[in-house]
Q: 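There's a structure below that I have some questions on.
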Amino acid sequence: MGDLIYVKGVAPEDIQVGDIITFRPPAEYLSGILITHRVVEVVYDTNHLYFRTKGDNNPTVDPWKVSSRDIIGKQTA
């Protein structure tokens with residue numbers, strides 16, 4: 001069986017630490033899939049917004065920064 005979540009599109013500026021987001025990971029890590037992980041850090045870098053994420057059952061933070069352009073949305077239920 002699988003899981004079901006509801007995801008709503010939101011402005012990247014409205015995403016905060018602790019939110020669960022669905023995103024496209026950087027192609028050099030994984031391609032053609034979507035990931036849903038929790039935001040552990042919001043990074044502002046030269047007029048662009050990035051997010052550091054971590055899966056709740058993973059021991060470490062993901063090795064990438066998620067670009068605001070790759071956000072699908074935020075989990076709502």
Q: Going hydrophobic residue to hydrophobic residue with side-chain gaps under 4.5 angstrom, can you get from Ile72 over to Ile33?
A: no
Q: Are side-chain heavy atoms of Arg52 and Val43 found at a separation under 4.5 Å?
A: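 Of all side-chain heavy-atom pairs linking Val43 with Arg52, at least one is under 4.5 Å.
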Q: Side chains of Thr76 and Val7: does their closest heavy-atom pair fall under 4.5 Å?
A: no
Q: With distance as the sole test, does Arg38 use its side chain to make a donor-acceptor pair with the main-chain N or O of Gly18 at under 3.5 Å?
A: yes
Q: State plainly whether one hydrophobic cluster holds both Val10 and Val66, where clusters connect Ile, Leu, Val, Met, Phe, Trp and Tyr through side-chain heavy atoms under 4.5 angstrom apart.
A: yes
Q: For the atom pair CG (Asn57) and NE2 (His37), what is the distance rounded to the nearest 0.5 Å?
A: 9.0 Å
Q: Side chains of Phe23 and Trp64: closer than 4.5 Å at any heavy-atom pair?
A: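 Result yes, sub-4.5 Å side-chain heavy-atom pair found.
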Q: If you look at every heavy atom in Thr53 and Val61, which pair is closest and at what distance?
A: O-CG1, 3.3 Å
Q: Nearest 0.5 Å, please: how far is OH in Tyr29 from CD1 in Ile35?
A: 11.5 Å
Q: Any idea which heavy atoms bring His48 and Ser67 closest together, and the distance?
A: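 Scanning both residues completely, I find the closest heavy atoms to be NE2-OG, 2.8 Å.
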Q: Any chance you could measure Thr22, atom OG1, to Ile20, atom CD1, to the nearest 0.5 Å?
A: 9.0 Å
Q: Do Ile15 and Ile21 have side chains that approach each other closer than 4.5 Å (heavy atoms only, starting at C-beta)?
A: yes
Q: Would you compute the distance between atom OH of Tyr50 and atom CG of Asp70 and round it to the nearest 0.5 angstrom?
A: 9.5 Å
Q: Evaluate the salt bridge (Lys or Arg N to Asp or Glu O under 4.0 Å) criterion for residues Lys74 and Asp19: first the C-alpha distance (whole Å), next the side-chain angles of each, then the deciding distance (0.1 Å), finally the verdict.
A: CA-CA 7 Å; Lys74 183 167 96 171; Asp19 288 343; 3.6 Å; yes
Q: Can you tell me how far CD1 of Ile71 sits from CG of Leu49, rounded to the nearest 0.5 angstrom?
A: 8.0 Å
Q: Ignoring hydrogens and angles, tell me if any N or O in the side chain of Arg24 forms a donor-acceptor pair with the backbone of Gly32 under 3.5 Å.
A: no
